[in-house]
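Comments concern the structure below.
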Protein chains: 2
Amino acid sequence: MMTATRKRIIESAIQVFNEDLSAPLQKVADNAAVTRRTLHRYFKDRNELVEICRQVIETSCKKAMIAAIQSSDEPMLQLERMLYAGIDCGAKYATFYKMHRSADHTHNQQNKNCADYDYIYATFQKIVVELQETGQLNPKMSPEWIQVLHSGIIESTVNARAITQQNIENIKELAWSSYFKAISP
Amino acid sequence: MMTATRKRIIESAIQVFNEDLSAPLQKVADNAAVTRRTLHRYFKDRNELVEICRQVIETSCKKAMIAAIQSSDEPMLQLERMLYAGIDCGAKYATFYKMHRSADHTHNQQNKNCADYDYIYATFQKIVVELQETGQLNPKMSPEWIQVLHSGIIESTVNARAITQQNIENIKELAWSSYFKAISP
DNA sequence: ACAAAATGTCTCACATTTGAGAAATACTTC
DNA sequence: GAAGTATTTCTCAAATGTGAGACATTTTGT
């Protein structure tokens, strides 16, 4: 059940909590252009709002990454589209990437989200290994490092978007170009 | 005047505030293995603690970056050492990089810190331009992009450090190698 | 061993944040 | 226009965070 106001509050929360995890809810409400009273009508408490933000981030990033993987059978194209998908997730990607890696996370294959997360990143590494075996990627870089670099490029690009006036498609191509060159043999 | 306890509190605060800007001071104290009462003995209030953390971050990162610049006359070597310096700053680098760029920052050349910051990043871009003119760096990438990528690689590398068991010098070389290839012609 | 310094424990008053009831107002739908 | 719904305004009690006094305990330095 998703009203426009509820959606607006969630997006505001994602933005505000991205900069300050413990920001007062008043700030989230202000940023969503609603009162805090209204915010409380939609969300039982802070914990619920944070949890729902997590779910929204997880659902959208997961969906985008899986779609990128399944958009092609060509490993290099998959890799490229995964980079673009990450960039399109914007600031949410950093949260998503860290989500299942944090110290207080209980990772469990029985959990659908954990399983999907593992699918994404295991597939990522499988793609990398495959491209290394066919000589398309630098065999000296570990798949782990290539993945770390992937998230670094995404984050840089997301940050650059906020600053530069350049066309978004240009930025994405630049990001891919930089990444591709970095990981090539 | 820097006692071991004071230093420990500051380092704890840098760490805790890095993850959660508005974390309760109790958390900082816990992480520093002191009581909150003691924390208050050393720091008048939260604002003072935050300000001193900023100063510590600024001083150490600035010093490291300027040292890297002045360690050589060779632009490429300067660039490489700046990457290493950033990585050595650890989580502090991200805060330092954003420090003078945030919306609520009053940037003023009369201010020594602002001037030094400008020196660092103007020099960075001068180095990039110089390397582009001599054909050592890709002329199609804007110096802004090359700088954004620099900070993105640093940040990823710092994050990867917490996760990987690899030797730190290896990671730094890998980061440089990736960055260098990304920005090469 | 002793004195001084540092820290912990306990407590308190105050400030801020939180969550929600009640009534008023604004908006939407038919 | 009327009824229903959504939101705002106002208020309050409770919870949490903050900063600091007083005293006790521990640590440090000579």
Side-chain angles (χ1 to χ4, degrees), chain A residues 1-60 91-92 95 98-99 102-105, chain B residues 1-60 91-92 94-95 98-99 102-106:
Chain A
M1 187 52 226
M2 186 64 81
T3 64
T5 300
R6 191 168 193 265
K7 192 169 177 180
R8 199 163 77 242
I9 294 169
I10 292 168
E11 282 170 2
S12 169
I14 288 173
Q15 195 178 349
V16 170
F17 292 153
N18 180 50
E19 289 170 16
D20 181 2
L21 205 50
S22 299
L25 295 180
Q26 183 63 54
K27 200 163 182 179
V28 175
D30 291 342
N31 191 50
V34 296
T35 60
R36 192 170 56 82
R37 187 68 193 85
T38 296
L39 186 151
H40 283 295
R41 289 229 164 73
Y42 284 92
F43 305 96
K44 184 168 81 75
D45 57 20
R46 172 187 281 274
N47 285 338
E48 184 178 301
L49 179 56
V50 167
E51 179 53 35
I52 289 175
C53 289
R54 286 224 160 96
Q55 287 168 17
V56 167
I57 287 168
E58 178 126 62
T59 301
S60 66
K92 288 184 276 201
T95 303
K98 289 182 206 149
M99 208 172 261
S102 71
D104 58 340
H105 169 72
Chain B
M1 185 55 228
M2 186 64 82
T3 65
T5 301
R6 191 170 194 265
K7 192 170 177 179
R8 199 165 77 241
I9 294 169
I10 293 168
E11 282 170 1
S12 170
I14 288 172
Q15 195 179 347
V16 170
F17 292 153
N18 180 51
E19 286 170 17
D20 182 358
L21 206 49
S22 300
L25 296 179
Q26 183 64 53
K27 199 160 181 183
V28 175
D30 290 343
N31 191 49
V34 296
T35 60
R36 189 169 60 83
R37 187 68 194 84
T38 296
L39 185 151
H40 284 296
R41 289 218 169 83
Y42 283 92
F43 303 96
K44 182 170 83 76
D45 56 20
R46 171 187 281 273
N47 287 338
E48 183 178 301
L49 180 56
V50 167
E51 178 53 34
I52 289 173
C53 288
R54 284 222 163 98
Q55 287 168 17
V56 167
I57 288 169
E58 179 126 60
T59 301
S60 66
K92 288 184 274 202
T95 305
K98 288 181 205 150
M99 207 173 261
S102 70
D104 57 338
H105 169 72
T106 308

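Everything numeric here is computed off the predicted structure, so don't read it as measured data. Numbered from 1 within each chain, the chains take letters A, B, ... in sequence-line order.
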Between A:E48 and A:K44, the two heavy atoms sitting closest are OE1-CB, 3.2 Å

Those residues at least two apart in sequence (or on a different chain) that pass side chain to side chain contact (heavy atoms under 4.5 Å, CB included) with B:T35 are B:R37, B:T38

Once you apply a heavy-atom cut-off of 4.0 Å, does B:A33 come out as touching a base, just sugar-phosphate, or nothing? sugar-phosphate

| said: Is A:Y42 close enough to D:dA6 that one of its side-chain N or O atoms is under 4.0 Å from OP1 or OP2 there? | reply: no

Shortest non-hydrogen pair, A:M99 vs A:S102, comes out as O-OG, 3.9 Å

Could you list the donor-acceptor pairs under 3.5 angstrom formed between side-chain atoms of residues 49-57 of chain A and any protein atom two or more places apart in sequence or on another chain?
unit_1 : atom_1 : unit_2 : atom_2 : d
A:E51  : OE2    : A:Q55  : NE2    : 3.1

>> Between A:T5 and D:dT7, is there a contact of a side-chain N or O with OP1 or OP2 at under 4.0 Å?
In response: yes

Check: Is the phosphate of D:dT8, meaning OP1 or OP2, less than 4.0 Å from a side-chain N or O of A:T35?
Finding: yes

Footprint ends on DNA chain C, 5' to 3', for atoms under 4.0 angstrom from a heavy atom of chain B, come out as C:dA6 to C:dC10

#### Entry: Close side-chain approach of B:Y42 to B:T3, heavy-atom, < 4.5 Å
yes

Output one line per pair: protein atom, nucleotide atom from nucleotides 14-20 of chain D, and distance, for all N/O pairs under 3.5 Å.
unit_1 : atom_1 : unit_2 : atom_2 : d
D:dT18 : OP1    : B:R46  : NE     : 3.1
D:dT18 : OP1    : B:R46  : NH2    : 2.6
D:dT18 : OP2    : B:L25  : N      : 2.9
D:dG19 : OP1    : B:R46  : N      : 3.4
D:dG19 : OP2    : B:R46  : N      : 3.3
D:dG19 : N7     : B:R36  : NH1    : 2.7
D:dG19 : O6     : B:R36  : NH2    : 3.4
D:dA20 : OP2    : B:K44  : O      : 3.1
D:dA20 : N7     : B:R37  : NE     : 3.4

Between side-chain atoms of residues 10-18 of chain B and protein atoms elsewhere (two or more places apart, or another chain), which donor-acceptor pairs fall under 3.5 Å?
unit_1 : atom_1 : unit_2 : atom_2 : d
B:S12  : OG     : B:V28  : O      : 2.7
B:S12  : OG     : B:N31  : ND2    : 3.0
B:S12  : OG     : B:A32  : N      : 3.4
B:Q15  : OE1    : B:N31  : ND2    : 3.4

Interatomic distance, NZ@A:K98 vs CD@B:E19, rounded to 0.5 Å, equals 8.5 Å

If each end axis of the helix from C:dA1-D:dT30 to C:dC30-D:dG1 is fitted on five C1' pair positions, the angle between them, to 10 degrees, is 50°

